Amino acid sequence: MCWQQALSKRLSAWLPSLNSLALLRFCSTLAPGSIHPTAIVHPNAVLGQGVSIGPFCTVGSTVKVGNGCQLYPGSHIFGNSKVGERCVLMTGAVVGDDLPGRTLLGCNNIIGHHAVVGVKCQDLKYKSGDECFLEVGDNNDIREHTSIHRSSKSSDTTVIGNNNLIMGSCHIAHDCKIGNNIIFANNTLLAGHVVVEDYAHTAGAVVVHQFCHVGSFSFIGGGSVIAQDVPKYMMVAGERAELRGLNLEGLRRHGFTAQEIRSLRTAYQKIFMPAEISKGFDERLADMEMRDELAHISVVCSMVQSIRDSFEGKRRGICKFRHWNGS
């Protein structure tokens with residue numbers, strides 16, 4: 001009997017005899033380190049110490065669950081999935097899929113209500129039977145109804161770093177690379193192959209085009225559509241997002257010194273708001289790199305390099321500046 005049939009049989013046996021209040025009391029009696037009798041746990045699954053599995057959960061045959069994990073009622077782990085210690089799956093959460101490849105979760109992650117993590121991508125180029133991968137670090141809070149997909153091919157991996165807050169109804173598509181200490185507000189949607197660097201922050205209802213890069217310590221305003229790269233330290237907003245200056249509040253909150261912020265402001269003004277409009281964009285970048293008072297400041301060098309990198313190879317360039325006078 002397959003697990004679906006077994007689960008259906010147990011549900012039909014239990015549910016008619018329990019009203020909602022009785023079911024609530026029944027669920028609340030689950031003790032740490034116990035498996036509820038209505039849960040379907042394959043005998044080959046590997047469970048660590050102190051794992052709690054609630055009513056109507058499913059744990060597949062090739063799953064490994066670390067010490068102290070909690071599976072709330074109706075949560076499921078499928079496929080070749082490894083869940084690190086002290087992770088929590090809220091009601092309705094799904095981790096992994098019965099596909100070639102694997103889903104790896106680090107420690108202390110929370111998978112919110114009805115979030116789906118580590119399932120097949122939505123890329124039509126994906127070939128059935130190909131291995132696909134997802135790796136999630138530690139201490140991530142992945143909220144309700146979020147979806148995070150595996151890679152689209154065996155040579156790549158979707159990666160989520162550490163200490164990220166991914167709010168409700170976000171989507172992270174195949175082959176994305178997400179860094180550390182990032183905040184995605186509700187309904188942030190990332191297409192495939194997007195790279196988001198550490199400490200970036202999005203407001204709600206943001207859409208990011210495939211292959212775009214979002215630099216560290218940047219901020220994306222609510223409702224923005226990102227079709228090109230967002231350089232480090234900058235703030236963008238708009239239906240077709242434009243540069244709106246530096247993310248000054250974010251820089252202050254993360255401990256940038258007053259001198260560093262002043263230097264970044266000076267560099268930004270000379271690159272994007274030049275007094276002389278005769279010089280092209282590349283010339284302004286080159287001039288910035290030659291200025292003695294700015295060239296030795298690491299954050300300025302990092303910002304300039306982030307801009308230059310956006311024009312290399314197949315990258316998409318940077319979001320336009322509303323009064324950009326250069327080429």
Side-chain angles (χ1 to χ4, degrees), residues 123 152 156 158-161 164 166 170-185 188-251 254 256 264-265 267-274 280-286 288-289 298-327:
D123 188 346
S152 62
D156 209 339
T158 304
V159 177
I160 312 292
N164 298 300
I166 303 173
C170 290
H171 174 65
I172 299 175
H174 58 88
D175 309 295
C176 285
K177 303 292 186 290
I178 309 303
N180 307 311
N181 302 291
I182 292 164
I183 298 175
F184 291 141
T188 293
L189 309 177
L190 308 185
H193 303 277
V194 168
V195 176
V196 183
E197 297 178 1
D198 298 350
Y199 294 99
H201 186 174
T202 73
V206 166
V207 178
V208 183
H209 191 283
Q210 61 192 26
F211 292 101
C212 283
H213 287 230
V214 178
S216 56
F217 299 99
S218 60
F219 180 83
I220 302 175
S224 298
V225 176
I226 306 301
Q228 293 176 288
D229 290 358
V230 180
K232 288 184 176 182
Y233 315 129
M234 296 190 189
M235 178 169 58
V236 302
E239 189 274 331
R240 281 294 185 268
E242 299 174 336
L243 299 180
R244 301 299 177 93
L246 294 170
N247 179 22
L248 295 175
E249 186 59 33
L251 297 177
H254 288 102
F256 283 68
L264 286 170
R265 293 185 73 169
Y268 183 93
Q269 289 168 357
K270 292 186 178 300
I271 294 171
F272 297 107
M273 306 169 65
F281 184 64
D282 289 336
E283 291 179 280
R284 298 200 294 272
L285 281 177
M288 184 57 52
E289 293 169 325
S298 61
V299 291
V300 173
C301 296
S302 182
M303 182 181 76
V304 172
Q305 189 60 52
S306 175
I307 295 170
R308 286 200 177 279
D309 289 344
S310 294
F311 294 94
E312 297 293 331
K314 296 182 179 180
R315 296 277 290 272
R316 299 181 59 82
I318 64 173
C319 293
K320 296 297 186 289
F321 179 62
R322 59 171 65 188
H323 300 303
W324 194 344
N325 294 313
S327 57

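Scope of the values below: all heavy atoms of this structure, side chains included, with no hydrogens, waters or symmetry mates. These numbers come from a predicted model, not from an experiment.
- For Glu197, the side chain to side chain donor-acceptor pair (under 3.5 Å) test picks out no residue, with sequence neighbours left out.
- Distance OG1/Thr158 to CG/Leu190: 11.0 Å, rounded to 0.5 Å.
- Note that CZ of Arg265 and CE of Met273 are 9.5 Å apart. Values are rounded to the nearest 0.5 Å.
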Distance-only check: which donor-acceptor pairs under 3.5 Å involve side-chain atoms of residues 206-226, not counting sequence neighbours?
from   : atom 1 : to     : atom 2 : distance (Å)
Ser218 : OG     : Gly215 : O      : 2.6
Ser224 : OG     : Gly221 : O      : 2.7
Ser224 : OG     : Gly238 : N      : 3.2

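- Note that the CG atom of Leu285 and the CD1 atom of Ile307 stand 5.5 Å from one another [nearest 0.5 Å].
- When every heavy atom of Phe281 is checked against every heavy atom of Ile318, the shortest pair comes out as CZ-CD1, 4.2 Å.
- A 4.5 Å side-chain heavy-atom check between Leu246 and Met303 finds at least one atom pair inside the cut-off.
- Of all heavy-atom pairs spanning Phe321 and Phe272, the tightest one is CE2-O, 3.1 Å.
- For the pair Arg244/Glu242, a side-chain contact is recorded, criterion being any heavy-atom separation below 4.5 Å from C-beta on.
- In terms of heavy-atom proximity, Cys170 sits nearest to Ala185 at SG-O, 3.2 Å.
- The backbone N or O of Lys232 sits less than 3.5 Å from a side-chain atom of Ser306, completing a donor-acceptor pair.
- Distance alone, capped at 3.5 Å, is enough to place a donor-acceptor pair between the Asn164 side chain and the Gly179 backbone.
- Inter-residue side-chain proximity for Phe184 and Ile178 is flagged as met; some heavy-atom pair is nearer than 4.5 Å.
- The CD1 atom of Ile166 lies 11.0 Å from the CD1 atom of Ile183; values are rounded to the nearest 0.5 Å.
- Counting all heavy atoms, side chain and backbone alike, Ser310 lies closest to Arg315 at O-CB, 3.1 Å.
- In this structure, the side chain to side chain contact (heavy atoms under 4.5 Å, CB included) partners of Glu289, at least two apart in sequence or on a different chain, are Val304, Arg308.
- Remark: Asp156 engages Ser151, Lys153, Asp175, Lys177, His193 in a side chain to side chain contact (heavy atoms under 4.5 Å, CB included) (not counting sequence neighbours).
- Residues Leu243 and Met234 come closest through the heavy atom pair CD2-SD, 3.9 Å.
- No donor-acceptor pair closer than 3.5 Å links the side chain of Arg316 to the backbone N or O of Gln228.
- Taking the side chain to side chain contact (heavy atoms under 4.5 Å, CB included) definition, one finds that Asn180 meets it with Asn162, Asp198, sequence neighbours left out.
- By the side chain to side chain donor-acceptor pair (under 3.5 Å) test, His201 pairs with no residue at all, sequence neighbours left out.
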Report task. Please step through ring pair (Phe, Tyr, Trp, His ring centres under 6.0 Å) for the pair Tyr233 and Tyr268, ending with a clear verdict. Result -> CA-CA 10 Å; Tyr233 315 129; Tyr268 183 93; over 10 Å; no
